[in-house]
A.B. asks: 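I have a structure I would like to understand better, so I am pasting it below and will then ask my questions one at a time.
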Amino acid sequence: MSKNTKKTPPAAATWSGRFAEPVAERVQRYTASVSFDQRLAEHDVRASLAHARMLTACAVISKRDLAAIESGMRTILAELRGGKFKWSLAAEDVHLNIERRLTALAGDAGKRLHTARSRNDQVATDVRLWLRDAIDAIGVRLVALQTSLVDLAERHAATVMPGFTHLQVAQPVTFGHHLMAYFEMFARDRERLGDCRKRANRLPLGAAALAGTSYPIDRDMVAKELGFDGLCENSLDAVSDRDFAIEFCAAAALVMTHISRLSEELVLWMSPRYGFIRLPDRFCTGSSIMPQKKNPDVPELARGKSGRVTGHLMALLMLMKAQPLAYNKDNQEDKEPLFDTVDTLDDTLAIFAELVAGIEVDAGAMRAAALEGHATATDLADYLTKKGLPFRDAHEAVARAVRAADARGCDLAALGLAELRSFSPLVGTDVFKVLTLEGSLASRDHAGGTAPRRVRAAARRARKSLK
Ligand code: ARG
């Protein structure tokens, strides 16, 4: 319950006319949503104003009523923004709280506002409006994170590190290339959120409780005023489905999954075993018992929070799956998971944009790690193949060379020309060019490859895509 919500004994509800006794206090608390849906207040006011203007244009309410409603809503907005609005549990939810206050300010005009609508189409409209703004704000956060990634990638377009498969050293890549992989993931996340926004941006208002309304309404006018791209075309669907919220949470869960993978790598990279990066102290925390510790709490927490967001997606899917048409009170449960998803993404992305910008790289440690584990073995096999040996035979010859190097505890290149030639007579003096890390990197010179000049080009393209 928010600070502003007074603990009141059950009072007559807006709809209490057909009831013989007031609702039980526990039931009132159980069914009320005002403690969390007050977040929708400004969007609720906006939607109500659009509705009232339409009712006036369609001659359902008078111009005088509209003026009283507009003036009342101005006061309400000022109260909301100044933290002065008095929320009441008895009024159940954000919609009835605002309507009650409006009626206190505007009299009968306030009571006329609810003509030709229901809370069912009202809440669906508010949530869509709110989510639209949230998606836009998250888009801005994603761009900031992507910008940090490109900046760092550009600086490290030629910084060599081991690329891994199965967390075993596989082939050399550049750190810039590795970072740009995350850029691509977040680019798809932005696309997904944009797609979701398109489907969320339809107007439910006008569906009323479920069957539409007998008043001569103009839904297009309301849609236009509220910036919706179109109408929800079926009144039953308009008030009942929350697929737009589910879709958003699915896209959000993927964002957090990408954040979680990045987090996992940051944790590994900053562990002394790798020592690839350092995070500035302002992103780390210490231990209350071990004085020497500097822990990567931020990426660890983000990795944990990815589970929480996926949980919200599951909650919404379960919320929806067995509901008969049309509106059911179950839908009131859509808000907390949705709000928490947005808050979690907002915080996490904001902090990650700064954290990535602050990453300090130990290029020496990355290079040393790339020199262990025969990362250029594939390059040697490709070298032999280009000289005419079938790739399978080349693979076999190099595998034997790797065993010999391992037995000697040295790198492939350290075997020397004579010994390398013992595995294949095709080996020539030019072999050392392909066995070096730089030679390996430079040879992967195609779209999507890790050659430094390709990474620089990818970063340039990426930067342009952010404008
Ligand atoms: N607080 C409700 C919700 O979030 C508003 C709609 C209530 N409608 C109803 N028929 N009880 O869904």
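Counting convention: from 1, in listed order, for ligands and their atoms alike.
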A.B. asks: Minimum heavy-atom separation for Y327 to V239, with atom names?
C.D. replies: CD1-O, 3.7 Å
A.B. asks: What orientation do F276 and Y274 show, parallel under 30°, tilted 30 to 60°, or perpendicular over 60°?
C.D. replies: perpendicular
A.B. asks: Does R101 come within less than 4.0 Å of E79, counting only side-chain N to carboxylate O?
C.D. replies: yes
A.B. asks: Going by an N to O cut-off under 4.0 Å, is there a salt bridge joining R202 and D229?
C.D. replies: no
A.B. asks: Below 4.0 angstrom, N of the basic side chain to O of the carboxylate: do D126 and R46 qualify?
C.D. replies: no
A.B. asks: Thinking salt bridges, do R197 and D136 make one under a 4.0 Å N-O criterion?
C.D. replies: yes
A.B. asks: Tabulation required: pairs of a nitrogen or oxygen in ligand 1 and a protein nitrogen or oxygen under 3.5 Å; columns are atom names and distance to 0.1 Å; otherwise 'none'.
C.D. replies:
residue, atom, partner, partner atom, Å
ligand 1, 1 (N), S33, OG, 3.3
ligand 1, 1 (N), D93, OD2, 3.1
ligand 1, 1 (N), Q332, OE1, 2.8
ligand 1, 4 (O), K335, NZ, 2.6
ligand 1, 8 (N), N120, OD1, 2.8
ligand 1, 10 (N), N120, OD1, 3.1
ligand 1, 12 (O), Y327, OH, 2.5

